[in-house]
Amino acid sequence: MAEEPNTSMSVLASQICNQISSVFNANTSKPPAMNVLVEEIAAAASRNGKVFVYGVGREGLMLKALSMRLFHLGLSVHCIFDMTTPPISSLDLLIASAGPGGFSTVDALCSVAKSNGARVLLLTAQPESGSSVKHATVVAHIPAQTMANDQDHDRVGESESRPLLPMGSLYEGAMFVLFEIVVFKLGEILGQSPDEVRARHTNLE
């Protein structure tokens, strides 16, 4: 008897969610990424600083989703390379992501931000290596698979399996969940009610 489509979808969804959840249960000597992000963003808000975000590919899409919610929380937030991106200064915070450890664009932008006195928060799965780490003021460790180690599943007995979350999907999925947690925490710290957050949503839809 064929498996019901909805059951199959539910099983796959549960497996994917469990994989993402396992990222947050991983043992790491680094401070929780949630704490790092909440502290740095709240500090930027307290000094009336702007928040800039940048990431390549799907990592960049996750950071754009975060920027939208930070705007809804009342922060001045900008996606680098938008036409309205202002200059960065010593009051500001750049949040950049380099899951595999480094990208040439991330390295360059973090270097420019740091040279202008801004704080640089780097999200990465490779906190001990990679070219971007040396440009960071602070690192938020997301211990998830990225393109840097996406072939590690090809171990004995697993070589024929097809991963549910290939390449950097686990890292990117963890980013989204992490950002939702961070936004929830920041809403409490910044004293933003759901109605205040909703009132900042665009009506140009």
Side-chain angles (χ1 to χ4, degrees), residues 33-127 129-142 144 146-148 167-169 171-183 185-187 190 192 197 200-202 204-205:
M34 176 192 75
N35 294 357
V36 175
L37 279 158
V38 169
E39 290 170 8
E40 289 291 332
I41 297 170
S46 70
R47 59 179 181 265
N48 294 318
K50 299 181 291 294
V51 177
F52 296 79
V53 302
Y54 181 76
V56 303
R58 285 161 53 104
E59 294 180 29
L61 294 176
M62 297 304 105
L63 280 162
K64 285 184 177 182
L66 172 64
S67 73
M68 182 178 179
R69 284 292 184 253
L70 294 182
F71 170 77
H72 291 158
L73 286 172
L75 280 74
S76 175
V77 58
H78 306 276
C79 297
I80 292 179
F81 296 141
D82 280 357
M83 296 298 286
T84 54
T85 305
I88 197 166
S89 73
S90 59
L91 295 176
D92 303 331
L93 170 68
L94 168 61
I95 304 174
S97 179
F103 296 107
S104 58
T105 49
V106 174
D107 294 359
L109 291 169
C110 289
S111 178
V112 171
K114 201 169 184 180
S115 69
N116 281 276
R119 290 186 66 80
V120 176
L121 191 168
L122 179 72
L123 296 154
T124 185
Q126 306 289 336
S129 62
S131 55
S132 298
V133 174
K134 63 178 179 289
H135 301 292
T137 310
V138 62
V139 174
H141 182 205
I142 303 176
T146 67
M147 289 284 285
M167 297 179 284
S169 291
Y171 178 85
E172 295 142 8
M175 287 177 76
F176 178 78
V177 173
L178 171 62
F179 294 161
E180 293 301 300
I181 297 169
V182 167
V183 167
K185 292 289 187 181
L186 284 171
L190 300 176
Q192 294 293 304
V197 172
R200 296 189 184 97
H201 195 282
T202 184
L204 294 171
E205 293 182 320

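These values consider heavy atoms only, across backbone and side chains, with no hydrogens, waters or symmetry-generated copies.
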Between atom [atom1] of [X] and atom [atom2] of [Y], what is the distance when rounded to the nearest 0.5 Å?
{"X": "Leu61", "Y": "Phe176", "atom1": "CG", "atom2": "CZ", "answer": "12.0 Å"}
{"X": "Arg200", "Y": "Gln192", "atom1": "CZ", "atom2": "CD", "answer": "4.5 Å"}
{"X": "Phe52", "Y": "Arg119", "atom1": "CZ", "atom2": "CZ", "answer": "15.5 Å"}
{"X": "Leu109", "Y": "Ile80", "atom1": "CG", "atom2": "CD1", "answer": "5.0 Å"}
{"X": "Arg69", "Y": "Glu180", "atom1": "CZ", "atom2": "CD", "answer": "6.0 Å"}
{"X": "Glu172", "Y": "Met62", "atom1": "CD", "atom2": "CE", "answer": "7.0 Å"}

With a 6.0 Å cut-off (strictly less than), is the heavy-atom count around NZ of Lys134, excluding the residue itself, greater than 12? yes
Heavy atoms of other groups near Lys185 NZ, more than 12 under 6.0 Å: no
Which heavy atom in [X] sits nearest to a heavy atom in [Y], and how many Å separate them?
{"X": "Ser111", "Y": "His135", "value": "CB-ND1, 3.8 Å"}
{"X": "Thr85", "Y": "Cys79", "value": "OG1-O, 3.1 Å"}
{"X": "Ala33", "Y": "His141", "value": "CB-O, 3.6 Å"}
{"X": "Arg58", "Y": "Ser169", "value": "NH2-OG, 3.4 Å"}
{"X": "Gln126", "Y": "Pro100", "value": "CG-O, 3.4 Å"}
{"X": "Ile88", "Y": "Asn116", "value": "O-CB, 3.9 Å"}

Any side-chain heavy atom of [X] within less than 4.5 Å of one from [Y]?
{"X": "Leu93", "Y": "Ile41", "result": "yes"}
{"X": "Leu122", "Y": "Val106", "result": "yes"}
{"X": "Glu40", "Y": "Val51", "result": "no"}
{"X": "Leu37", "Y": "Leu123", "result": "yes"}
{"X": "Leu121", "Y": "Thr137", "result": "no"}
{"X": "Phe81", "Y": "Thr105", "result": "no"}
{"X": "Cys110", "Y": "Leu94", "result": "yes"}
{"X": "Leu186", "Y": "Leu75", "result": "no"}

Determine whether a donor-acceptor pair (N or O, by modelled atom type, separation under 3.5 Å) exists between the side chain of Ser67 and the backbone of Lys64. yes
For the side chain of Ser76 and the backbone of Gly49, is there at least one donor-acceptor N/O pair under 3.5 Å apart? no
Can you tell me which residue pairs pass the side chain to side chain donor-acceptor pair (under 3.5 Å) test with a partner in residues 87-97, sequence neighbours excluded? Lys50-Asp92, Glu59-Ser97, Ser89-Asp92, Ser97-Tyr171
